[in-house]
Amino acid sequence: MIRPPKLIATSVVRGSEKGQSHGGVYIVDFESLKVDQKVDWNDGSIDFTGRGWDRGLRGIEFYDNQVWIAASDELFCYSPDFELIGSYRNEYLKHCHEISRRDHLLFITSTGYDSLLVFNLKTSAFIWGLYLSKNGDNWIGQRFDPLDKNGPPFANNYHINMVHVARTGVYFSGLHSRALLRLRPNMGISRVCSLPEGIHNAMPCLNGIVFNDTKSDVVRLQRENGKSIVFSIPSYNDDDLVFNGVDSSQIARQAFGRGLCLVNDNLIAAGSSPSTISLYDLNAKERVAMVNLTMDIRNAIHGLEVWPFD
């Protein structure tokens, strides 16, 4: 029997006030069903102009016995026991969602600038960026220097919220991209496949594409042969939810799917709100385990990865 995984998760809390927690970092052990909070994010400098923008912690990666975690506009480096080693900012890093590593290069979504940023983990420096735009049906990638003041405009046209680096290329997508895109070696952009509006975490998986179909409240694995596997995101009785109805805009709602990682060739983990992590078996086509961190409707999973330490 395969041992149940241990995962690391980050969360965002919408609608929290100054002095309150805006999310955190958790280690979730599916064997013991134990949840251990490692970081409580209550930074007083967070922008409070919107409910979700600068709240909480986001993407997660690992390099050379280090844990890298992104906030909205800052990149943090921790030891495996979550001692803060360093933090890094850049003018063009804004509203980051996800990060992904290939060798010593960390690819970062800068959602506010419709861009990808690349951070060199060996030199601890932002080394280049790619601004994304469209000309008709054609996607255009324009490389820029993240240290230059003449970079791209603040726009957020496509809400780029996912980057996934694999041997076959750099894949990325957004809430409004309606496509999974791939960065070619010549900095050109190719369209891999179409995607629904309003999705998160799209990435290649088992001769297909897996993603949180957030608007439809499902996790979807779309095969190349046109067939798909669909998992319903868990929901709870309204009476069991905390702060239900606090957000008149309905941004903070239950069954909001975000956060996704591949555990192995048959198992995926997906996040949702109120902060819940589910394990889905692709062969059995069913949810096989679930851990709930809180019933606070404002608290949503954001980043999700397999924990590689201990």
Side-chain angles (χ1 to χ4, degrees), residues 5-13 21-29 35-47 53-113 115-130 145-147 151 160-166 170 172 201 203 258-262 269 271 301-310:
K6 184 179 287 189
L7 305 177
I8 177 174
T10 58
S11 69
V12 171
V13 180
S21 176
H22 311 288
V25 181
Y26 306 84
I27 302 297
V28 182
D29 188 339
V35 177
D36 186 9
Q37 184 169 5
K38 296 296 186 179
V39 177
D40 186 3
W41 190 242
N42 54 7
D43 186 353
S45 67
I46 292 173
D47 182 359
W53 277 121
D54 282 352
R55 314 303 174 84
L57 295 166
R58 317 298 182 88
I60 308 161
E61 262 297 355
F62 313 100
Y63 177 74
D64 194 23
N65 207 40
Q66 298 167 340
V67 182
W68 290 83
I69 297 177
S72 173
D73 58 359
E74 192 165 4
L75 185 62
F76 294 94
C77 179
Y78 291 94
S79 68
D81 58 358
F82 292 94
E83 292 293 326
L84 183 62
I85 297 172
S87 64
Y88 307 89
R89 288 179 178 265
N90 183 267
E91 179 179 352
Y92 298 104
L93 178 58
K94 194 65 175 174
H95 306 324
C96 171
H97 280 64
E98 292 288 347
I99 62 179
S100 184
R101 180 182 66 85
R102 182 68 176 173
D103 299 325
H104 63 284
L105 298 181
L106 188 67
F107 289 76
I108 305 165
T109 62
S110 181
T111 307
Y113 283 93
S115 297
L116 299 178
L117 295 177
V118 179
F119 184 83
N120 188 319
L121 293 164
K122 287 184 176 179
T123 62
S124 299
F126 291 90
I127 56 173
W128 58 271
L130 188 76
D145 182 352
L147 303 181
I160 302 301
N161 59 23
M162 182 61 184
V163 61
H164 175 75
V165 188
V170 179
F172 53 96
N201 309 112
M203 67 183 83
R258 184 178 57 198
L260 188 69
C261 71
L262 312 180
I301 296 295
H302 203 298
L304 196 58
E305 297 291 341
V306 176
W307 180 244
F309 304 107
D310 60 60

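Any value given below was found using the heavy atoms of this structure, including those in side chains, with hydrogens, waters and symmetry copies removed. Values in this document were obtained by computation on a predicted structure and should not be read as measured data.
- With hydrogens and angles ignored, the 3.5 Å screen pairs no side-chain donor or acceptor of S110 with any backbone N or O of L116.
- Taking all atoms of both residues into account, the shortest heavy-atom contact from L262 to M203 is CG-SD, 4.0 Å.
- Across every non-hydrogen atom of P146 and G129, the tightest pair is CD-N, 3.9 Å.
- Rounding to the nearest 0.5 Å places CZ of F107 at 15.0 Å from CD of E98.
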Under the criterion side chain to side chain contact (heavy atoms under 4.5 Å, CB included), I'd like the reasoning laid out for D36 against K38: C-alpha separation, chi angles, the key distance, then a yes or no. CA-CA 6 Å; D36 186 9; K38 296 296 186 179; 2.9 Å; yes

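- The ring of F119 has its center closer than 6.0 angstrom to the ring center of W68.
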Starting from the C-alpha separation in whole Å, work towards a yes-or-no answer on side chain to side chain contact (heavy atoms under 4.5 Å, CB included) for V163 and V170. CA-CA 7 Å; V163 61; V170 179; 3.9 Å; yes

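- When side chains are defined from C-beta on, F76 does not count as touching I85, because their heavy atoms never get closer than 4.5 Å.
- Ion pairing between K6 and D310 holds under the 4.0 Å rule for side-chain N and carboxylate O.
- Annotation: side chain of W128 is not in contact with side chain of L117 (no heavy-atom distance under 4.5 Å).
- Minimum interatomic distance between D73 and L93 (heavy atoms only, all atoms of both residues): CB-O, 3.3 Å.
- At least one side-chain heavy atom of V25 sits less than 4.5 Å from a side-chain heavy atom of I8.
- Rounding to the nearest 0.5 Å gives a distance of 12.5 Å between NE2 of H302 and CD1 of I69.
- A pairwise comparison of heavy atoms in A71 and L57 identifies CB-CD2, 3.9 Å as the closest pair.
- Side chains of T109 and H97: no donor on one and acceptor on the other come within 3.5 Å.
- When atom types are taken as modelled, the side chain of R58 and the backbone of C96 share a donor-acceptor pair closer than 3.5 angstrom.
- Between F82 and W307, the distance from one ring center to the other falls under 6.0 angstrom.
- We find the CZ-CD distance between F62 and E305 to be 6.0 Å, quoted to the nearest 0.5 Å.
- For D103, the side-chain hydrogen bond (donor to acceptor under 3.5 Å, both in side chains) test picks out no residue, with sequence neighbours left out.
- No side-chain heavy atom of I301 sits under 4.5 Å from any side-chain heavy atom of R258.
- When side chains are defined from C-beta on, H104 counts as touching Y63, because their heavy atoms get closer than 4.5 Å.
- Between Q66 atom CD and Y78 atom OH the span is 13.0 Å, to the nearest 0.5 Å.
- By the 4.5 Å heavy-atom criterion applied to side chains, T111 and K94 are not counted as neighbours.
- Of all the heavy atoms in L7 and A269, the pair that sits closest is CD1-CB, 3.7 Å.
- In this structure, OG1 on T10 lies 4.5 Å from CD1 on I60, to the nearest 0.5 angstrom.
- V35 is not listed as a side-chain neighbour of Q37, based on a closest heavy-atom distance of 4.5 Å or more.
- Here the side chains of I108 and L75 are in contact, with some heavy-atom distance below 4.5 Å.
- Taking all atoms of both residues into account, the shortest heavy-atom contact from E74 to S87 is OE2-OG, 3.0 Å.
- For the atom pair SG of C77 and OH of Y88, the computed distance is 6.0 Å after rounding to the nearest 0.5 Å.
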